[in-house]
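Each chain gets a letter, A, B and so on, in the order its sequence line appears, and its residues count up from 1. What you see is a predicted model, and the numbers here were worked out from it, not measured in a lab.
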2 protein chains.
Amino acid sequence: MARRKQAVTIKHVAADAGVSLQTVSRVINKEPNVRPAMRERVQASIEKLGYVPSIAAQRMSGSRSYLIMALNDRERTIADWEKREGTDWVDQMMFGGMLTCAEHGYRLIVELIDTHSDHIERELLAAIAALQPDGVILTPPHSQNRQIVDLLDEHNITIARIGSLTGGPGLRLTMDDERAARLATEHLLALGHTRVGFIAGSPEYELSAWRVDGWRTAMAAAGLDLEGLLAESDFSLASGERAAVRLLDGDAPATAIIASNDQTALGLLNVVRSRGLDVPDDLSVISFDDTPVVRFGYPPLTAIEQPIANVTARAVELIIAARAGEKPPASPQVVPAGLVVRESTAAPKRRR
Amino acid sequence: MARRKQAVTIKHVAADAGVSLQTVSRVINKEPNVRPAMRERVQASIEKLGYVPSIAAQRMSGSRSYLIMALNDRERTIADWEKREGTDWVDQMMFGGMLTCAEHGYRLIVELIDTHSDHIERELLAAIAALQPDGVILTPPHSQNRQIVDLLDEHNITIARIGSLTGGPGLRLTMDDERAARLATEHLLALGHTRVGFIAGSPEYELSAWRVDGWRTAMAAAGLDLEGLLAESDFSLASGERAAVRLLDGDAPATAIIASNDQTALGLLNVVRSRGLDVPDDLSVISFDDTPVVRFGYPPLTAIEQPIANVTARAVELIIAARAGEKPPASPQVVPAGLVVRESTAAPKRRR
DNA sequence: CTGAAAGCGCTAACAG
DNA sequence: CTGTTAGCGCTTTCAG
């Protein structure tokens, strides 16, 4: 096959502007030490010829690939895609990530990696070797996976970790899950609930604990007892059902329940329905994911809205800034999640 | 910043296997004319060292970039992302595209391009220059945009056009919209409807006409009159509402309506509700998109399920095969959409 | 502040 | 069937 060549290269620009390649390169990379007049002349040629640098060539010679890799959990992502229930983690990451990347001449490329796998190292090394990304955005559970984080760090790749604050290298970002849980709890308390149950997320996720903390804090501030109000889950629908049974079967059942994600919220709703209970009359429900099932189901659930696009955008900015030599922020970056009130929460009406 | 070098390159493999670079290259690219023994030896070294070729370097020297670009309409895609209603075009394209790409050592990279824009050429040329993709997957409306298609063709990029059969270069793929519309219509006819209305999609999309054709064919086959049963739309909710009014206001209103996408279906439902009509008792409804709003709304709508992941996967396969020198299929590839029956369609019950 | 030379990792073209 | 040579487009030294 014919060697496919770049239509207009740095050479053409250099020739057109009557300068050397280096000067053009310097202008492209916004390096200092170029006289304004020269810079303008080159810029004009670039525009005139419609020159755009080849990222492959940039990667080959320089230290930058202009590629940022968004690393997601393969199993979970594929499961979501297969279900077609509208879970939009990946979309929102692209939304925030792609657009922000574009502003800086970078591209976002999505990769899926198995979490629970012995060949995780091989997979990741392969992706690194093939792409040589400048930065990687990690989401849970990868963001707290020390093996992944360390491996990337050894390869001198800038890391942005969303939803993990544990040790190791990398920039940290959170959506302040603790605060979000607090907001949700306070919303229910304000409605008059005193027995607010909480379905904790999978203990394998750091943020599960943060959410429990938020709930606990809000309950404690109101002087309320937590006895029998905390149930575990692994984020699955089935575990949500089991948790719901536990929270509703005690002597003093919960009158409101916060679920740590949409699946457990759905499991909870299954149990509620099977018992002929009404939401929100008999039980108020809050989901920690604002996915379409949650929004369009009946009733539309009050939910925590996670600003995935915004954290990802922030992550991209941090990575690019770090590459540009800026000192990374000392503390974790917070892009707080909010609460969207819908029809699944109300004052506790009936006595049971 | 330090020059970041590849951990293990083709050189290391060559040294380890005691052969020349070229032989390693031949093995990597599965070229013929390599003795099995040699091939095995090299393969062993590759595995031992965990070698993975750098796609940047591959692009630099060869004719392949191992990048396939999925080109989507910027405005529409961003609008979908902002709404967070779970529209999963992009996800499904990634689902089918990424996984199939991975099987062949390719990567899928998503790009957004404005359709209605005078700088469309500049945007596209920039993407081409930066990425040098081997192939591009086009979805409507880009797939029928002659300017885009021709530009890509001039740059010797393999094109896969989904949902467009008009002239010009490129591999063609459809979901057989005509058949899908026929299926939907026949489903309603089988239920006993004789006045099946159709809300046509935006005339700017080729497939809008195909869908109308399918409906028309099915109606004609049943010997039914089409008078007052076809309404236009531009795919927007508002236009769906207007179309609904038209179809329901005549002397002999429709007892069933097929909407060309989810938004017009939603518009239709708005009108239905505002008139106190019941779905499906007073009116059967079918959507041409199976998005979460459609699935989780009340009632869950009978809908056409578009196999976006599968067409995209097929598109990737065709592109890679074409690059490998295979003769492209003579006729358009068809990955047919199916009908999912839910609760919005029933026999016409009441007389109005 | 600007330019020239070297080389990134890989493959096309050509020899052997 | 295998090896050698040149060069892709760009940036990083290092000189002026």
Side-chain angles (χ1 to χ4, degrees), chain A residues 1-15 17-42 46 49 51-67 105 128-132 134 156 323, chain B residues 1-15 17-42 46 49 51-67 105 128-132 134 156 323-325:
Chain A
M1 187 162 307
R3 206 183 193 87
R4 193 155 33 103
K5 297 209 283 192
Q6 206 82 345
V8 31
T9 73
I10 197 169
K11 270 188 195 164
H12 300 118
V13 178
V19 298
S20 72
L21 303 187
Q22 282 44 338
T23 307
V24 180
S25 175
R26 286 188 182 108
V27 172
I28 297 166
N29 296 300
K30 300 193 176 69
E31 278 173 29
N33 300 344
V34 180
R35 248 183 310 159
M38 188 119 268
R39 181 182 301 281
E40 258 174 59
R41 186 141 57 94
V42 172
I46 289 177
L49 302 177
Y51 168 73
V52 176
S54 148
I55 75 165
Q58 289 187 123
R59 159 67 195 94
M60 277 307 291
S61 62
S63 48
R64 282 169 311 236
S65 65
Y66 292 94
L67 250 30
I128 292 173
L131 260 17
Q132 291 281 357
D134 289 342
N156 198 16
R323 283 271 144 187
Chain B
M1 187 162 305
R3 206 185 194 84
R4 192 153 35 101
K5 296 209 283 191
Q6 206 82 343
V8 30
T9 74
I10 197 168
K11 270 189 196 163
H12 301 119
V13 178
V19 298
S20 72
L21 301 187
Q22 202 40 241
T23 305
V24 179
S25 174
R26 287 192 181 105
V27 172
I28 297 166
N29 296 299
K30 299 191 176 67
E31 279 173 30
N33 299 342
V34 180
R35 245 185 313 159
M38 187 117 269
R39 179 182 302 280
E40 258 175 59
R41 186 140 58 94
V42 173
I46 289 177
L49 302 177
Y51 168 73
V52 175
S54 149
I55 73 166
Q58 290 187 122
R59 160 65 195 94
M60 278 309 291
S61 64
S63 49
R64 282 170 311 238
S65 65
Y66 291 95
L67 250 29
I128 292 174
L131 260 16
Q132 290 281 359
D134 290 342
N156 197 17
R323 282 272 144 185

From C-beta outward on [X], which listed nucleotide comes closest to its side chain: [options]?
| X | options | result |
| --- | --- | --- |
| Ser25(B) | dT12(D), dT11(C), dT2(D) | dT11(C) |
| Asn33(B) | dG3(C), dT2(D), dC8(D) | dT2(D) |
| Gln58(A) | dC10(D), dT2(D), dA12(C) | dC10(D) |
| Ala57(A) | dG9(D), dT11(D), dT11(C) | dG9(D) |
| Pro53(A) | dC10(D), dA4(C), dT11(C) | dC10(D) |

Whole Å only: how far is the [atom1] atom of [X] from the [atom2] atom of [N]?
| X | N | atom1 | atom2 | value |
| --- | --- | --- | --- | --- |
| Arg59(A) | dC8(C) | CZ | P | 11 Å |
| Ile55(A) | dT11(D) | CD1 | P | 12 Å |
| Arg41(A) | dC1(C) | CZ | P | 16 Å |
| Met60(A) | dG9(C) | CE | C1' | 4 Å |

Taking only the side-chain nitrogens and oxygens of [X], find out if one of them lies under 4.0 Å from OP1 or OP2 of [N].
| X | N | answer |
| --- | --- | --- |
| Ser61(A) | dC8(C) | no |
| Tyr66(A) | dC10(D) | no |
| Thr23(B) | dC1(D) | no |
| Ser20(B) | dT4(D) | no |
| Arg35(B) | dT2(D) | yes |

5'-most contact on DNA chain D: Arg26(A) or Leu21(A), nearest heavy atom basis?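 Its nearest nucleotide lies further toward 5', so the answer is Leu21(A).
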Have a look at Val19(B) and say if it touches a base, only the backbone sugar-phosphate, or nothing, with a 4.0 Å heavy-atom cut-off. sugar-phosphate
